[in-house]
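To start, the structure under review is shown below, and the notes come after it.
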Amino acid sequence: MKITGKISKLNPLLGLYIAAGLLIAAIPVRLYQHLTIIEQDTGFYKAVDRSVYVMYILAALALCFSYAVAVLAKNVPASKSPYRKNIILALTSILLGVGIVLDVVSAMSDFIINARSFATAGISFLGTADQGQIPILFESVLGVFAAIYLLVFGISYIDGRTTYSQYKFLAVTPFFWAIARLVGRLITKIAYVNVSDLMLEIFGIAFMMIFFMAFARISSGLSTKKAMRNAFAAGAASAFLLGAANIPRLLLLISGNAYKITSGYGVSVCDLVFVFFAAAYIINAYKCAKENDSKELLNEYEKHDVDIDMETDDDFLSE
């Protein structure tokens, strides 16, 4: 039985709003954990109390609602890029590009430091594959192209043009950059760093990867069925997870409690900005679809006195 798009009165933005509300609830929980039960050196929980289960429940609810709403809502916008001026989306996209550049600089710094230490120990470059050097290298190279595309994407929304849709190859680089980041974490950190932050980051980047895959399909005009639904669901889910990982760290940093942040897990600018970029992208897509629907409905009403439905994700690709 088909359940996709069954509920016409369900607002597609509800999943994002619920994820945002759950994120607000998760931030003080994570702050409490950083201040009391997380070891700063290892990142493991010193003790498992109720806050751990509360955090798991909040994360599970955010993921479930994000996907449930995206699947069940009928009026998810069509899988095509909305073209109009949007300063908020432009700003978050440009800042995300800058954040990725900062991530690339940090990754390359780690790569060079590790390469020198391996060379001193007489270990060849190929022999460092299991130490995460190759994923770091790929992450850095792909990050440069991903940053360029997001800058072009942001500038396009300043002037309202379709410039970014012309660069179909660059459109997939944020997706591959996210893959490289995920592989790097799985190889280099899972064996010795924490359960809490590591889990949030791994799942957060995994959903970021799904979002960027849908984003690439939509932005390049090569979208497949339900690409926008995937963007809505994965965008809300990744925003919750990466926000829950990075916002508490930022609050600890600005409040003078930086020593409580797990060693090796500083504030990730690109992950932090992505939270706002994903939200801005989802909201812009929905509002643009509603505005276009209203204009089309008005024109058709004036000409023929007929009603039309909003062009949805499934409608656009079933033609």
Measuring from atom [atom1] of [X] to atom [atom2] of [Y], what distance do you get when rounded to the nearest 0.5 angstrom?
X    : Y    : atom1 : atom2 : result
L272 : L96  : CG    : CG    : 10.5 Å
D103 : C270 : CG    : SG    : 4.0 Å
N75  : I7   : CG    : CD1   : 11.5 Å
S8   : L72  : OG    : CG    : 12.0 Å
L253 : N246 : CG    : CG    : 11.5 Å
I100 : Y149 : CD1   : OH    : 12.5 Å

Q.
Among I247, L200, L35, which residue satisfies the side-chain contact (heavy atoms from CB on, under 4.5 Å) criterion with R30?
A.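 Exactly one option meets the side-chain contact (heavy atoms from CB on, under 4.5 Å) with R30, and it is L200.
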Q.
By the salt bridge (charged side-chain N to carboxylate O under 4.0 Å, His left out) test, which pairs, at least two apart or in different chains, include something from residues 256-276?
A.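 The answer is R181-D271.
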Under a single-linkage definition using a 4.5 Å side-chain heavy-atom cutoff for Ile, Leu, Val, Met, Phe, Trp and Tyr, are [X] and [Y] assigned to the same hydrophobic cluster?
X    : Y    : value
Y45  : Y259 : no
V104 : V98  : no
I112 : V101 : no
L91  : L151 : no

Within 6.0 angstrom of [X] [atom1], more than 12 heavy atoms from elsewhere:
X    : atom1 : result
F175 : CZ    : yes
I88  : CD1   : no
K85  : NZ    : no

Taking all atoms of both residues into account, what is the closest heavy-atom pair of [X] and [Y], and its distance?
X    : Y    : answer
A70  : R229 : O-NH1, 2.7 Å
F176 : L142 : O-CD1, 3.5 Å
L251 : L31  : CD1-CD1, 3.9 Å

Would a distance-only check, ignoring hydrogens and angles, find a side-chain to backbone donor-acceptor pair under 3.5 Å from [X] to [Y]?
X    : Y    : result
S93  : L150 : yes
N284 : A280 : no
R249 : V267 : no
S219 : A216 : no
E139 : W177 : no
S66  : A62  : yes

Just distance, no hydrogens or angles: give the donor-acceptor pairs under 3.5 Å from side chains in residues 9-26, sequence neighbours left out.
from: N11; atom 1: OD1; to: L13; atom 2: N; distance (Å): 2.9

Q) Is the ring centre of F65 less than 6.0 Å from the ring centre of F240? A)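 Ring centres of F240 and F65 not closer than 6.0 Å.
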Q.
Ring centres under 6.0 Å, that's the criterion: do F215 and Y281 meet it?
A.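 When the ring centroids of F215 and Y281 are compared, they turn out to be within the sub-6.0 Å range.
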Q.
Tell me whether the rings of F153 and F277 are parallel (<30°), tilted (30 to 60°) or perpendicular (>60°).
A.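 Answer is perpendicular, since the angle exceeds 60°.
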Q.
Is it true that D49 and Y32 share a donor-acceptor pair across their side chains at a distance under 3.5 Å?
A.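 Yes.
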Q) Distance only, no hydrogens: is a donor on one side chain within 3.5 Å (strictly under) of an acceptor on the other, for Q40 and T262? A)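 Note: Q40 and T262 side chains miss the donor-acceptor criterion.
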Atom pairs and distances, side-chain donor-acceptor, residues 204-214, under 3.5 Å, sequence neighbours left out:
none

